[in-house]
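Data block below; observations after.
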Amino acid sequence: MRTTQDAIRHLERISVYLEVKGENPFKINAFRKAANILEAAEHDFMDIEDFTEMKGIGKGTAAVLEEFRTTGTSTALSELEQEVPEGLIALLKIPGLGGKKLAKLHDVGVIDADSFAEKLEDGTVEAMPGFGKKTVEKYVKALETFETRPERLPYGVMRKIVSELEQTLTAFEGIIRFAVGGSFRRSEETCKDLDFILSTDQAEVVKGQLLELEQIDEIIAAGETKVSVVLKRDTNYIAVDFRLVDDAAFASTLHHFTGSKDHNVRMRQLAKERGESISEYGVETKDGLFQPQTEDELFARYDLPFIPPELRSGRHEFEQDLSRLITEKNIQADVHMHTTWSDGTLSVEELVDACAARGYSWMAITDHSQYMKFVNGLTIDRLRKQRVEIEAARKKHPDMTILCGVEMDILPDGSLDYEDEFLQEMDYVIASIHSKFDQTETEIMQRLENACRNPYVSLIAHPTGRIIGRREGYAVNVDRLIELAAETGTALEMNANPARFDLTAASLAKAKAAGVKIMINTDTHRPEMLEDMKLGVLHARKAYLEPTDVINTWTAQEARAFFDRKRLGVD
DNA sequence: GCCGTTTTCGGCCCGACTGTTTTCAGTCG
């Protein structure tokens, strides 16, 4: 059985190999586009009868896909692999080194980083047409840190840098307005770099200040409209592009550099159909240049509603009804939070106060269970004692429904941390894995299945266990977990912590299609983490979730009815 | 590689920056 993801990876691999061969960029793009089409397709790749019926996939790609479907590989890729050394592919990551130049380097015997270093040193590269002294110096420097710096940084890391830079820019002289664009504005899980759009009528003044920023490790470019630097913060190297534009072009430029690339392509096609042309400076029309004051104006010109940044993937945002999507206003509760009883920093009372201040109508206290000794997990006895405090908080906040909950560990042997006899005393039970991440998929799935099949378990929290940029998570088969959740009436979590962000948007969409209910939770341990709810909602929107899909947009009564259906075995 | 009645060939989204050139190719977003 081959999955859609396998097919997508296969096509992407072909396009990378073609790139390193220095092939026609449009041919390279055709495979990449086909991969995107498969990803956005309604049907599973194994169920598609005729690939050529999909717009953007022609005879060539269809043949590759057919062959891949039956054999698990394709002649096209095998031939490329024969032709192009594997080690060459990684060199694409070096800035200033693209397919054309790599193909030339391959001709003189470069096959990987080591042979590249040799040819740089012995003068071969510098003597080649199109290469020069400066280029060689740049490559030598890049090779020093080659594959030692992570290519993308987690959103949570970028967030700190962004707010620092925003403060700095606010104090700058000569800036009219500024905003961050790029993958950060689209709230992607990870970002390769940061894009700031600055409007100014004193570009030279602003440029001068930018080049004086603290902790610049490297200046990549310093042109009239673009200043590009690498900043060093702690142990991280962050590439930041600053675009300097006239204020009249601000909205267009912001839209352009918010992307995604595929979104922009679609927008430009729309423009082209009307004989217009969109650039970062505005729209070239029959009556001259139209410069929208806001992004709304730009979208409105093509009869589109404002498309929020997090949806600009270039895949579904032009067809879907965006007005029905979940928003932060729909959220009525946070139902995965820790207090000082285990490893949180807020007391029960403080946490309830904070949730009330956010306007929630219900919530759940869910400290760790007894297995988690190192975070002071709660024994049965302590959970019962905690209820006294929760009871006091209920008196203080009569309008707030507070569920006595627990985040219960699924133990390495697959059993649960408490017996059912005790669990039935709890209002609400989360199950999650915090141990033995190195188990096989079979073992992990057995643990998750046991949890799903327990009538008192209402939610599986952070279902993949990943910490973005630090660890992969355990060997979960998400498709199977979604099946189990659907079958047992168990909800799955969208963990709003930017270090976790699981499930991914793609998995959330699958869960929705399978009828699985989602809970968006902050997993709060410190007060500021309550704010992450908005990030969780943005990710849910990427999967086009609506309030009906998300339990914590419901009332407490509706949610309890959902939990009870599983507890009482009612269908 | 994909597409299409103004097309089966010649486009394919657009523009800036750098370095190597001597008017432009390659890379990048």
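Keep in mind the model is a prediction, meaning the values are calculated, not measured. Throughout, a chain's letter reflects where its sequence line sits, starting with A, and its residues are numbered from 1.
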For atom [atom1], what is the distance between [N] and [M], given to the nearest Å?
N       : M       : atom1 : result
dG19(B) : dC12(B) : P     : 29 Å
dG11(B) : dT5(B)  : C1'   : 16 Å
dT22(B) : dT18(B) : C1'   : 16 Å
dT7(B)  : dC2(B)  : C1'   : 14 Å

Run the side chain to side chain contact (heavy atoms under 4.5 Å, CB included) test against Arg2(A) and tell me which residues pass, sequence neighbours left out.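 Residues passing side chain to side chain contact (heavy atoms under 4.5 Å, CB included) with Arg2(A): Asp6(A), Phe45(A), Met46(A), Phe68(A).
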Syn/anti state of dT7(B) by chi, 90° boundary around 0: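 Because its glycosidic torsion lies within 90° of 0, dT7(B) adopts the syn conformation.
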Over how many whole Å does the gap from Asp262(A) atom CG to dC14(B) atom C1' extend?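 In whole Å, dC14(B) C1' lies 15 Å from Asp262(A) CG.
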Whole-Å distance separating the CG atom of Asn36(A) from the P atom of dG1(B):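 Asn36(A) atom CG is separated from dG1(B) atom P by 19 Å.
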Under 3.5 Å side-chain donor-acceptor pair for [X] and [Y]:
X         : Y         : answer
Ser78(A)  : Thr75(A)  : no
Asn521(A) : Asn495(A) : no
Asp287(A) : Thr285(A) : no
His10(A)  : Ser74(A)  : yes

Where along [range] does a heavy atom fall under 4.0 Å from DNA chain B?
range                       : result
residues 288-320 of chain A : none
residues 10-28 of chain A   : Asn24(A), Phe26(A), Lys27(A)
residues 89-99 of chain A   : Ile94(A), Pro95(A), Gly96(A), Leu97(A), Gly98(A), Gly99(A)
residues 148-166 of chain A : none
residues 202-213 of chain A : none

Tell me which one of Glu189(A), Glu310(A), Glu188(A) satisfies salt bridge (charged side-chain N to carboxylate O under 4.0 Å, His left out) with Lys542(A).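 Exactly one pass, corresponding to Glu188(A).
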Would you give a per-nucleotide map of nucleotides 15-20 of chain B, 5' to 3', where B means the base has a protein non-hydrogen atom under 4.0 Å away, S means only the sugar-phosphate does, and - means neither? SSSSSS
Protein-nucleic acid N or O pairs under 3.5 Å, nucleotides 22-25 of chain B:
none

Could you pull out all residues at least two apart from Phe318(A) that satisfy ring pair (Phe, Tyr, Trp, His ring centres under 6.0 Å)?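 So Phe318(A) forms a ring pair (Phe, Tyr, Trp, His ring centres under 6.0 Å) with His263(A).
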Given the ring of Tyr302(A), does Arg274(A) sit roughly above its face, with NZ or CZ under 6.0 Å from the centre of the six-membered ring and within 45° of the axis?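 Arg274(A) over Tyr302(A) ring: no.
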Could you identify the nucleotide paired to dT8(B), looking across every strand shown and requiring Watson-Crick or G-U wobble geometry with both distances under 3.5 Å?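 Looking at the geometry, dT8(B) pairs with no nucleotide.
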Please list, pair by pair, any protein nitrogen or oxygen found under 3.5 Å from a nitrogen or oxygen in nucleotides 8-10 of chain B.
none

Do [X] and [Y] have side chains that approach each other closer than 4.5 Å (heavy atoms only, starting at C-beta)?
X         : Y         : result
Thr258(A) : Arg312(A) : yes
Lys141(A) : Glu137(A) : no
Asp112(A) : Leu88(A)  : no

Would you mind listing every salt bridge (Lys or Arg N to Asp or Glu O under 4.0 Å) that reaches into residues 190-210 of chain A, with sequence neighbours excluded?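 As it turns out, there is no salt bridge (Lys or Arg N to Asp or Glu O under 4.0 Å) pair with a partner in residues 190-210 of chain A once direct neighbours are skipped.
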For residues 151-166 of chain A, tabulate all N or O donor-acceptor pairs below 3.5 Å that involve a side-chain atom, not counting sequence neighbours.
| from | atom 1 | to | atom 2 | distance (Å) |
| --- | --- | --- | --- | --- |
| Arg152(A) | NE | Thr190(A) | OG1 | 2.7 |
| Arg152(A) | NH2 | Thr190(A) | O | 2.9 |
| Arg159(A) | NH1 | Asp532(A) | OD1 | 2.9 |
| Ser163(A) | OG | Lys160(A) | O | 3.2 |
| Glu164(A) | OE1 | Arg233(A) | NE | 2.9 |

Nearest-nucleotide 5' precedence on DNA chain B, Tyr139(A) against Thr61(A):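 Here Thr61(A) is the residue nearer the 5' end.
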